[in-house]
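Residue numbers start from 1 in every chain, and the chains themselves are labelled A, B, ... in the order their sequence lines are given, proteins ahead of strands. Keep in mind it's a predicted model, so treat the numbers as computed, not measured.
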Amino acid sequence: MPELPEVETIRRELEREAVGKRIKSVEVHGTRTVRRQTKKAFIAKLEGTKITAVSRRGKYLVLKLDSGDVLLIHLRMSGQLRRATPKEPVAKHTHVIITFTQGGQLRFVDPRTFGELFVTAKDELTAEVPELAELGFDPVEDPISWTTFGQQLMSRQMKLKAFLTDQTIIAGLGNIYADEILFAAGLRYDRQTDSLSTQEIRRLYRAVVETLHEAIKYGGSTLDDEQYVDLNGKPGEFQEHHKVYNREKLPCYRCRRATISKAKFGGRSTYFCEVCQV
DNA sequence: CGATCTACCTGATGGC
DNA sequence: TGCCATCAGGTAGATC
């Protein structure tokens with residue numbers, strides 16, 4: 001489900017909703033959501049702490065705690081964070097419930113159970129969270145220059161879509177936004193990274209940054225299955241602005257001649273215009 | 001080392 | 001109706 005714009009939308013809401021609140025109690029159901037530490041340890045590290053800040057690295061939410069630890073949340077394919085009150089019925093697939101001393105709750109709901117929550121400490125020497133060390137730059141939080149971006153492209157031999165979705169190079173892009181970015185840049189998903197001209201590099205980098213900012217403005221993308229919703233259960237609106245994703249056989253908005261093609265790349269669907277992307 | 005595949009799950013959808 | 005195959009926003013880990 002969620003890529004950078006959806007996670008950023010949730011981050012902004014959490015900043016208003018969770019920062020300054022103290023965790024009174026934590027419930028964990030099932031064995032898959034909290035899996036790299038015991039439930040007991042996870043709960044013990046959370047209860048009694050106050051959330052002091054919410055940041056994001058790529059698709060990870062980073063909740064800073066006044067204990068010095070951080071709560072990391074990754075939604076993977078179907079994870080949702082939902083605001084609730086204790087009286088509200090607990091939805092199916094609710095795996096974690098955090099209750100604040102003020103009375104509100106934050107619930108983690110995840111049908112496919114790929115999502116994950118864990119509490120970890122920052123490295124004392126680097127002040128970094130070791131789990132995030134492998135991530136590449138975040139194009140919204142931590143943009144780089146287009147020339148540095150170009151050096152990264154030129155130093156590899158891979159296809160553009162693989163480059164864009166490699167979290168160790170760029171953190172936060174997934175299947176939807178990679179396709180939208182490549183369309184905005186007029187580049188095919190299977191172009192080799194080291195084949196781009198200077199102008200194409202600039203266009204691609206600009207498309208990365210602009211597409212993400214635009215998507216954040218619209219609260220991210222929600223597909224037909226409504227798997228992505230924000231803290232209040234509200235879907236995003238950027239899907240209405242998709243130019244290629246999920247538009248197979250529909251006319252291309254740019255050239256108006258071709259229809260959008262669908263191909264398989266890396267085991268997943270890729271949407272593009274044969275005419276506008278070269 | 002890099003590229004490619006498979007597995008991890010539930011649920012929606014479509015063909016027969 | 002039901003049964004089966006396919007597909008879905010992601011990524012770790014095995015394999016080549």
Below 4.0 Å: OP1/OP2 of dT11(C) and any side-chain N or O of Lys59(A)
yes
Among the clusters formed by ILVMFWY side chains lying less than 4.5 Å apart, do Ile169(A) and Ile201(A) turn up in the same one?
yes
Mark yes or no for whether Arg247(A), through its side chain, and Lys243(A), through its backbone, hold a donor-acceptor pair below 3.5 Å.
yes
To the nearest Å, how far apart are Asp224(A) CG and dT6(C) P?
21 Å
Do any side-chain nitrogens or oxygens of Lys92(A) fall under 4.0 Å of OP1 or OP2 in dG11(B)?
yes
How long is the line joining CD of Gln80(A) and C1' of dG11(B), in whole Å?
13 Å
So is the aromatic ring of Phe114(A) stacked onto the base of dC8(B), judging by whether the centres are under 5.5 Å apart and the planes are under 30° apart?
yes
In whole angstroms, how far is the C1' atom of dA8(C) from the CG atom of Asp110(A)?
13 Å
Atom CD of Gln192(A) and atom C1' of dA3(B): how far apart are they, to the nearest Å?
11 Å
In this structure, would Phe272(A) and Val275(A) fall into the same cluster of hydrophobic residues linked by side-chain contacts under 4.5 Å?
no
Name the orientation class of the two ring planes belonging to Tyr60(A) and His74(A) (parallel below 30°, tilted from 30 to 60°, perpendicular beyond 60°).
perpendicular
Give a yes/no on whether any side-chain N or O of Gln167(A) is located under 4.0 angstrom from OP1 or OP2 of dT11(C).
yes
Rounded to the nearest angstrom, tell me the gap between atom CG in Leu223(A) and atom P in dA8(C).
10 Å
What's the closest nucleotide to the side chain of Arg32(A) if the choices are dC8(B), dT11(C), dA8(C)?
dC8(B)
Can you give the dot-bracket line for DNA chain B, using ( ) for pairs inside the strand, [ ] for pairs that cross earlier ones, | for pairs with another strand and . for unpaired bases, where Watson-Crick and G-U count if both distances are under 3.5 Å?
.|||||||.|||||||
Between dA3(B) atom C1' and Gln157(A) atom CD, what is the distance in whole Å?
12 Å
Provide, to the nearest angstrom, the distance between the CZ atom belonging to Phe108(A) and the C1' atom belonging to dC9(B).
13 Å
Stretch residues 262-273 of chain A: residues that reach within less than 4.0 Å of DNA chain C through a heavy atom:
Lys264(A), Arg268(A), Ser269(A)
Strand contacts (DNA chain C) in residues 178-190 of chain A, 4.0 angstrom heavy-atom criterion
none
Taking atom P in both dC9(B) and dG13(C), compute the distance separating them and give it to the nearest angstrom.
14 Å
Looking at side-chain heavy atoms only, is the closest gap between Gln227(A) and Pro111(A) below 4.5 Å?
yes
Mark yes when over 12 heavy atoms from residues, nucleotides or ligands other than Gln157(A) sit less than 6.0 Å from its CD; otherwise mark no.
no
Listed nucleotide nearest any side-chain atom of Tyr60(A), set dA12(C), dA3(B), dT11(C)
dA12(C)
Report yes or no: do Ile23(A) and Leu106(A) belong to one cluster of Ile/Leu/Val/Met/Phe/Trp/Tyr joined by side chain heavy-atom distances under 4.5 Å?
yes
Measure up the Phe108(A) and His95(A) rings against each other and bin them: parallel (under 30°), tilted (30 to 60°), perpendicular (over 60°).
tilted
Taking dC8(B), dT11(C), dT10(B) as options, the one with an atom nearest any side-chain atom of His93(A) is dT10(B)
Whole-Å distance separating the CG atom of Leu75(A) from the P atom of dC8(B):
22 Å
Any chance you could measure Asp66(A), atom CG, to Lys50(A), atom NZ, to the nearest 0.5 Å?
6.5 Å
Does Ile176(A) belong to the same Ile/Leu/Val/Met/Phe/Trp/Tyr cluster as Ile260(A), with side-chain heavy atoms less than 4.5 Å apart forming each link?
yes
Report yes or no: is the cationic atom of Lys161(A) (NZ for Lys, CZ for Arg) under 6.0 Å from the centre of the six-membered ring of Phe265(A), at an angle within 45° of the ring normal?
no
Should the ring pair Phe137(A) and Phe149(A) be called parallel, tilted or perpendicular, given that the plane angle runs from 0 to 90° and is split at 30 and 60?
perpendicular
